[in-house]
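Scroll down for the structure; my scribbles are underneath it.
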Amino acid sequence: QVQLVESGGGLVQAGDALRLSCVASGNTGSTYVMGWFRQAPGKERELVAAIRWWTGTTYYVNSVKGRFTISRDNVKKMVYLQMNSLKYEDTAVYYCAADPEGALGISLLESAYDYWGQGTQVTVSS
């Protein structure tokens with residue numbers, strides 16, 4: 001079992017920056033992939049960024065490339081999402097999630113992620 005707790009959400013203005021944090025506890029392993037998903041009202045949940053614990057390989061959805069950066073601290077079991085140049089359309093609930101089968105690569109599928117945090121709200125005012 002893995003427990004995930006997010007923090008760092010809030011209300012910001014367009015163009016501002018925000019950093020989300022996720023701390024993992026429990027039976028995490030080097031094969032894990034950690035992902036940040038988001039879900040806006042009336043929309044499906046989407047994978048925004050992901051990183052493999054061991055290799056540091058990353059993935060970004062096109063809409064955040066160049067603005068968001070995912071990183072991890074393997075010792076502290078923390079995953080971060082640095083969000084710069086925030087836009088109104090980035091408003092959503094952001095979830096940290098873990099895929100324990102990450103040795104096969106980074107999955108874009110929500111169903112591949114077995115463990116989820118409670119979510120943190122990010123609101124960007126225009």
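Keep in mind that what you see is a predicted model, and the values were worked out from it rather than measured. Numbering of residues begins at 1 and proceeds along the displayed sequence.
- For Ala49, the side chain to side chain contact (heavy atoms under 4.5 Å, CB included) partners are Tyr60, Ile70, Leu81, not counting sequence neighbours.
- Among residue pairs with one or both ends in residues 110-124, those qualifying as salt bridge (Lys or Arg N to Asp or Glu O under 4.0 Å) are Arg45-Glu110; sequence neighbours excluded.
- Under the rule for a side-chain hydrogen bond (donor to acceptor under 3.5 Å, both in side chains), Asp16 has no partner lying at least two apart in sequence or in another chain.
- Between Ala112 and Ser107, the closest heavy-atom pair is CB-OG, 3.3 Å.
- Listed here is the closest heavy atom pair of Met34 and Ala98: SD-CB, 3.6 Å.
- Atom CZ of residue Arg52 and atom CG of residue Asp99 lie 10.0 Å apart, to the nearest 0.5 angstrom.
- Taking 4.5 Å as the limit, every side-chain heavy atom of Val61 sits out of range of all side-chain heavy atoms of Phe68.
- Applying the side-chain hydrogen bond (donor to acceptor under 3.5 Å, both in side chains) rule to Thr57 yields the partners Thr55; only residues at least two apart in sequence or on another chain are considered.
- For Ser7, the side chain to side chain contact (heavy atoms under 4.5 Å, CB included) partners at least two apart in sequence or on another chain are Ser21.
- Between the CD1 atom in Ile106 and the OG1 atom in Thr58 there is a gap of 6.5 Å [rounded to 0.5 Å].
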Checking side-chain contact (heavy atoms from CB on, under 4.5 Å) for the pair Val79/Trp36: CA distance, chi angles, key distance, verdict?
CA-CA 9 Å; Val79 179; Trp36 284 100; 3.5 Å; yes
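- Between the CD atom in Glu101 and the OH atom in Tyr32 there is a gap of 8.5 Å [rounded to 0.5 Å].
- The salt bridge (Lys or Arg N to Asp or Glu O under 4.0 Å) contacts involving residues 77-95 comprise Arg38-Asp90, Arg67-Asp90, where partners must be two or more places apart or lie in separate chains.
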Pair up each side-chain donor or acceptor in residues 116-123 with any protein partner under 3.5 Å, not counting sequence neighbours, and list the distances.
unit_1: Trp116; atom_1: NE1; unit_2: Tyr113; atom_2: O; d: 2.9
unit_1: Gln118; atom_1: NE2; unit_2: Glu6; atom_2: O; d: 3.3
unit_1: Gln118; atom_1: NE2; unit_2: Glu6; atom_2: OE1; d: 3.4
unit_1: Thr120; atom_1: OG1; unit_2: Gly9; atom_2: N; d: 3.2
unit_1: Gln121; atom_1: NE2; unit_2: Ala92; atom_2: O; d: 3.4
unit_1: Gln121; atom_1: NE2; unit_2: Thr123; atom_2: OG1; d: 3.3

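- Residues satisfying the side chain to side chain contact (heavy atoms under 4.5 Å, CB included) test with Ala17, not counting sequence neighbours, are Gln82, Asn84.
- Remark: Lys65 pairs with Asn62 by the side-chain hydrogen bond (donor to acceptor under 3.5 Å, both in side chains) rule, at least two apart or across chains.
- Taking all atoms of both residues into account, the shortest heavy-atom contact from Lys43 to Gln39 is O-NE2, 3.2 Å.
- Contact record, Val33 with Ala50: CG1-CB, 4.0 Å, taken as the closest heavy-atom pair.
- When the side chain to side chain contact (heavy atoms under 4.5 Å, CB included) test is applied to Asn74, the partners found at least two apart in sequence or on another chain are Trp53, Arg72.
- Distance check: Leu86 CG to Thr91 OG1 gives 8.5 Å after rounding to the nearest 0.5 Å.
- Under the 4.5 Å side-chain heavy-atom criterion for grouping Ile, Leu, Val, Met, Phe, Trp and Tyr, Leu108 is connected to Phe37 within one hydrophobic cluster.
- Taking Ile, Leu, Val, Met, Phe, Trp and Tyr as members and joining any whose side-chain heavy atoms lie under 4.5 Å apart, directly or through other members, the hydrophobic cluster of Tyr80 also contains Val5, Val23, Met78.
- Closest approach of Val124 to Tyr88, counting heavy atoms only: O-CD1, 3.2 Å.
- Ser85 pairs by the side-chain hydrogen bond (donor to acceptor under 3.5 Å, both in side chains) definition with nothing, not counting sequence neighbours.
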